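To start, the structure under review is shown below, and the notes come after it.
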Amino acid sequence: MNNTIDIKISAAPLHTQACIDWAMSPHCGGIDVFIGTVRNATKGKNVIRLEFEAYESMAVREMTKIAAAASAKWPIHKILIHHRTGVLYPGDIPVIIVVSAAHRDAAFDACRYAIDTLKQTVPIWKKEVFEDGEVWVAAHP
Amino acid sequence: MNNTIDIKISAAPLHTQACIDWAMSPHCGGIDVFIGTVRNATKGKNVIRLEFEAYESMAVREMTKIAAAASAKWPIHKILIHHRTGVLYPGDIPVIIVVSAAHRDAAFDACRYAIDTLKQTVPIWKKEVFEDGEVWVAAHP
Amino acid sequence: MEIKVLAFGIVKEMLSHSSVTVALTEGATVSELTLVLAEKYPAIKNLSSFAIAINGCYSTADTLINAGDEIAIIPPVSGG
Amino acid sequence: MEIKVLAFGIVKEMLSHSSVTVALTEGATVSELTLVLAEKYPAIKNLSSFAIAINGCYSTADTLINAGDEIAIIPPVSGG
């Protein structure tokens with residue numbers, strides 16, 4: 001962890017503008033931001049809420065790995081990955097990724113790499129709660 | 001122009017959070033945001049300020065075309081393209097693009113298409129002012 | 001016919017005005033306008049390229065110009 | 001040796017606890033742990049897959065387990 005990488009897992013709401021402000025710099029020409037939001041439906045069923053759980057110490061470690069790998073692969077300036085835990089409702093923000101760079105291609109590539117990899121490796125789980133039941137996403141064949 | 005497309009050219013500062021709020025919706029799973037920022041240097045020279053000028057009526061038309069094309073090419077929910085004119089200093093924001101979509105791939109693809117195409121077709125020009133001179137970007141061979 | 005041509009960015013500086021007026025024959029095309037402009041304002045030949053917009057849309061060399069059209073010289077764009 | 005195994009998400013529900021303790025021989029590997037877990041908690045065989053983390057890192061089948069390691073069952077992740 002250093003001052004070009006900001007990783008956080010928190011039960012508190014994420015603050016988009018503060019995340020962007022952290023990454024902005026007069027050294028940068030472009031910032032790419034990915035904001036995940038809770039959809040009110042999945043596969044045609046209404047989603048009442050999501051419940052996120054994390055293996056926090058390992059999740060922070062894996063998120064830090066992603067940020068370090070992105071910094072090594074692309075000429076980026078700063079990268080921030082914040083993920084929320086607990087109960088979230090449609091429209092809420094579970095994840096924010098911000099990448100600043102001198103040139104936009106690196107920011108786009110690194111940001112997309114970060115969210116794609118987060119979804120594959122970071123030990124965070126979500127349960128979708130519907131009107132008539134609930135399911136842990138991706139758990140079953 | 002309709003309520004899923006928001007195009008603006010303005011001499012006033014752009015408001016990132018308001019742009020994101022406009023695009024967010026419980027129908028969406030992901031938002032990609034590109035924020036262009038004024039770099040304090042280009043090709044090793046210190047940039048004092050940038051001066052942006054637009055052929056406004058045509059620029060709005062070209063930006064609307066880009067938004068409409070992105071909406072046709074990818075399953076996106078909303079797209080916003082705001083561009084600032086006038087004198088900007090390092091760290092200031094000349095352009096913001098926000099795309100919301102049910103799934104993140106469409107948001108990333110459409111956002112990147114929008115900024116790439118904007119830089120090719122929208123009649124907006126910037127002059128870089130250095131300590132020892134100034135140059136209209138891309139004007140000369 | 002007299003045609004008013006809008007100038008932006010570096011072209012406005014090259015022409016020292018935000019618009020100029022040139023004389024064209026009726027039925028002239030964009031390629032003829034381009035020749036007239038280059039002759040009257042040779043500085044624009046120093047641009048890496050430029051386009052002509054008619055009524056806010058990019059034109060091609062054979063687009064016809066009509067009296068009353070809004071014509072603009074579009075030097076290489078550099079927004080963003 | 002007695003090994004404490006952390007459970008998260010659906011595994012915590014399957015095991016009805018946020019951790020369980022299993023007995024392993026000294027020098028056991030992750031593949032042996034997996035067999036023991038599947039026998040004692042057959043529900044986890046209903047998962048599409050799962051990994052074992054040791055001290056916060058993903059392991060492979062032949063990773064050795066030592067007394068005092070922090071062990072966790074990692075069902076398919078679904079963050080973001």
Side-chain angles (χ1 to χ4, degrees), chain B residues 7-10 14 34-39 42 47 50-66 81-86 88 92-97 111-129 134-141, chain C residues 3-22 29-31 33-35 37-80:
Chain B
I7 303 296
K8 190 166 81 173
I9 293 183
S10 166
L14 303 181
F34 176 75
I35 302 168
T37 52
V38 177
R39 286 179 69 199
T42 183
V47 171
L50 298 185
E51 298 177 9
F52 284 86
E53 182 178 340
Y55 177 11
E56 281 204 24
S57 60
M58 182 177 173
V60 166
R61 185 184 295 217
E62 288 293 327
M63 288 157 72
T64 305
K65 271 191 209 171
I66 291 169
I81 309 176
H82 286 188
H83 202 297
R84 203 173 157 192
T85 55
L88 276 77
D92 286 351
I93 298 175
V95 63
I96 296 182
I97 297 175
C111 188
R112 197 159 183 174
Y113 164 83
I115 183 62
D116 287 351
T117 309
L118 181 149
K119 285 174 174 270
Q120 289 164 5
T121 67
V122 176
I124 298 176
W125 300 272
K126 62 172 165 260
K127 183 161 68 173
E128 291 172 338
V129 180
E134 52 184 52
V135 62
W136 286 96
V137 177
H140 294 293
Chain C
I3 295 290
K4 180 178 162 186
V5 180
L6 303 178
F8 299 95
I10 191 170
V11 175
K12 187 163 68 180
E13 293 186 357
M14 287 171 162
L15 275 49
S16 304
H17 291 89
S18 60
S19 72
V20 294
T21 302
V22 297
T29 63
V30 164
S31 67
L33 170 64
T34 302
L35 289 174
L37 287 169
E39 190 179 357
K40 195 164 173 188
Y41 306 102
I44 66 173
K45 290 187 279 192
N46 294 326
L47 293 169
S48 52
S49 69
F50 65 89
I52 300 294
I54 301 186
N55 299 323
C57 294
Y58 285 103
S59 66
T60 55
D62 58 0
T63 306
L64 287 176
I65 293 173
N66 297 301
D69 282 348
E70 182 171 302
I71 310 285
I73 305 176
I74 310 291
V77 303
S78 54

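In this text, all values refer to a predicted model and were calculated from it rather than measured experimentally. Below, chain A is the first sequence line, B the second, and so on; all start at residue 1.
Comparing B:V95, B:V122, B:V135 by heavy-atom pairs within less than 4.5 Å of chain C, the highest count is held by B:V122. Between chain C and the residues B:K127, B:Q120, B:K119, the most heavy-atom pairs under 4.5 angstrom are made by B:K119. Ranking C:G56, C:S78, C:G79 against chain B, the residue ahead of the rest is C:S78, based on heavy-atom pairs under 4.5 Å.
In this structure, chain C has no heavy atom under 4.5 Å from any part of B:E51. In this structure, chain C has a heavy atom under 4.5 Å from the side chain of B:H83, while its backbone stays farther away. Residue contact with chain C, scored on non-hydrogen atoms closer than 4.5 Å, involves the backbone and the side chain of B:W125 alike. Heavy atoms closer than 4.5 Å to chain C are found nowhere in B:A59, neither backbone nor side chain. Both the backbone and the side chain of B:V137 come within less than 4.5 Å of a heavy atom in chain C. For C:Y58, the parts lying near chain B are the backbone and the side chain together; criterion is any non-hydrogen pair under 4.5 Å. Proximity to chain C involves both the backbone and the side chain of B:K126, based on heavy atoms less than 4.5 angstrom apart. Proximity to chain C (any heavy atom under 4.5 Å) is restricted, for B:F52, to the side chain, taken from C-beta onward.
Side-chain atoms of C:E70 and B:Y55 form a donor-acceptor pair, as typed in the model, at a separation below 3.5 Å.
Side-chain contact between C:I52 and C:I74: absent, with no pair of heavy atoms (C-beta onward) separated by less than 4.5 Å. Side-chain contact check for C:I3 versus C:D69: every heavy-atom pair is 4.5 Å or farther apart. At least one side-chain heavy atom of C:T34 sits under 4.5 Å from a side-chain heavy atom of C:V30. Residues C:K4 and C:V20 are not in side-chain contact: their nearest non-hydrogen atoms beyond the backbone lie 4.5 Å or more apart.
Remark: C:K12 engages B:E53 in a salt bridge, criterion side-chain N to carboxylate O under 4.0 Å.
Atoms SG and CG, from B:C111 and B:D116 in turn, are 9.5 Å apart once rounded to the nearest 0.5 Å.
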Next item on the list: Kindly determine whether B:D92 and B:T37 satisfy side chain to side chain contact (heavy atoms under 4.5 Å, CB included), including the steps that lead there.
Entry: CA-CA 6 Å; B:D92 286 351; B:T37 52; over 6 Å; no
